[in-house]
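A quick write-up on the structure given underneath.
Just so we're on the same page: letters track the sequence lines, and every chain starts at 1. On a predicted model such as this, the values are computed, not experimentally measured, just so you know.
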2 protein chains.
Amino acid sequence: MANQTRLTDFLPYLLSITSNAVSDRIADEYRAHFGLKIPEWRVMAVLGDQGAATQRALVEATRMDKVAVNRACRVLEDRGLLGRRPNSADGRSHHLDLTAPGQKVYRAIMPIALEMEERMFSALSADERTLFKDLLERIRAEAETTGAQP
Amino acid sequence: MANQTRLTDFLPYLLSITSNAVSDRIADEYRAHFGLKIPEWRVMAVLGDQGAATQRALVEATRMDKVAVNRACRVLEDRGLLGRRPNSADGRSHHLDLTAPGQKVYRAIMPIALEMEERMFSALSADERTLFKDLLERIRAEAETTGAQP
DNA sequence: CCAAGGTGGTTCCTCTTGCAACCAATTTGC
DNA sequence: GCAAATTGGTTGCAAGAGGAACCACCTTGG
């Protein structure tokens, strides 16, 4: 076992600084290419992949706060990348979907996103990436089980 | 290869939400037990392990912004957990170190921190943890090489 | 039906975070 | 030995994130 009193050996610390390094790098890229922030990119990714959704559905799909989803949607709507249509089944919400320009941007982003992921994780083999995903999933599941208590 | 157009298959996304889940969980714990935020805890961890240091050294050790370090130190100082002594070698900076009460808190925190890490990563075997650390290191190195350009 | 409670969405406010400008002290170059 | 550049630290500001309160609409129980 390594010296477990060193900050640089704490897994949560390593996880945090690695995640930050990757996020910063990616945020720069999205902003430079498309003027999109990460929340906005996430919303587009879900809509482009799954098609129309309500904000509620987007909150679940992106694991973001509903306020963050709302803001991202409004920005995208203002830029004409996203449209709202009344939800006949529920007057409180709308169906959100990419507009034609939105889909165009989406199709332009995807290759860049994949290429960036490729570059970012080029240090890992295909097997290692699969394993890494699996480890992350298990850690997250564990971290989320012991939730906050009122 | 998995469907690479799903947000939930993107490694940066998985990394981000996992890191957030772990960080939130840990932040709750530190606040509940000691009223410490993560930046403050990191400073204490480094000082407790390495002994006295300047803010500059803490910035490097914790990979936090110098402003974050400064604020964390001031909070700890106000609580009497950390002391400043003039740096005879450089009048601009001070040597910061844990006070006696600070060391007491440090010794109380460490077991809890280790136990929390243990609980959080209990889904992983010892080998998997080592591997996970290694993967994180490689990813971070890669993400940091391609830095921002002016 | 209609009152009470629940839910999607929005706004407001607070707290945190990071950058940029700044001050003081030190080092470097002439 | 002093002006210029550098560095450690501090302050101020502005953007981001998240919580709580709120509105509009829906659902359920009497």
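In this structure, B:R31 places its CZ atom 12 Å from C1' of D:dG19, rounding to the nearest Å. Here the C1' atom of nucleotide D:dT7 and the NZ atom of B:K66 are 8 Å apart, to the nearest Å.
For B:R74 and B:D78, the salt-bridge test fails: no basic side-chain N is under 4.0 Å from an acidic carboxylate O. Using a 4.0 Å cut-off between a side-chain N of Lys or Arg and a carboxylate O of Asp or Glu, A:E137 and A:K133 do not qualify as a salt bridge. Of the charged side-chain nitrogens involved, at least one lies within less than 4.0 Å of a carboxylate oxygen, so that B:E128 and A:R138 count as a salt-bridged pair.
In this structure, A:R31 contributes its side chain and A:L36 its backbone to no donor-acceptor pair below 3.5 Å. The backbone N or O of A:R119 sits less than 3.5 Å from a side-chain atom of A:S122, completing a donor-acceptor pair.
Ranking C:dA20, C:dT11, D:dG9 by closeness to the B:T54 side chain, first place goes to D:dG9.
Under 3.5 Å, the side chains of B:R140 and A:S19 contain no donor-acceptor pair of N or O atoms. Under 3.5 Å, the side chains of B:S16 and A:R63 contain no donor-acceptor pair of N or O atoms.
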Please write out the pairs of protein N or O atoms and N or O atoms of nucleotides 13-17 of chain C separated by less than 3.5 Å, giving the distance to one decimal.
{"from": "C:dT16", "atom 1": "OP1", "to": "B:K37", "atom 2": "NZ", "distance (Å)": "2.7"}

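Just one of B:T54, B:V46, B:T62 meets the side chain to side chain contact (heavy atoms under 4.5 Å, CB included) condition when paired with B:V69; it is B:T62.
Heavy-atom distances under 4.0 Å link DNA chain D to A:D90, A:G91, A:R92 of residues 75-94 of chain A, given in residue order. Taking every heavy atom of residues 55-65 of chain B and every atom of DNA chain D, pairs under 4.0 Å involve B:Q55, B:R56, by number.
Between B:D97 and B:R85, the closest side-chain pair of non-hydrogen atoms is not below 4.5 Å.
Summary of the strand contacts: A:R74 and A:N20 both lie near DNA chain C, and taking for each the nucleotide with the nearest heavy atom, the more 5' one is attributed to A:R74.
For an aromatic pair to be called close, the ring centres must be under 6.0 Å apart, and B:F10 with A:W41 satisfies this.
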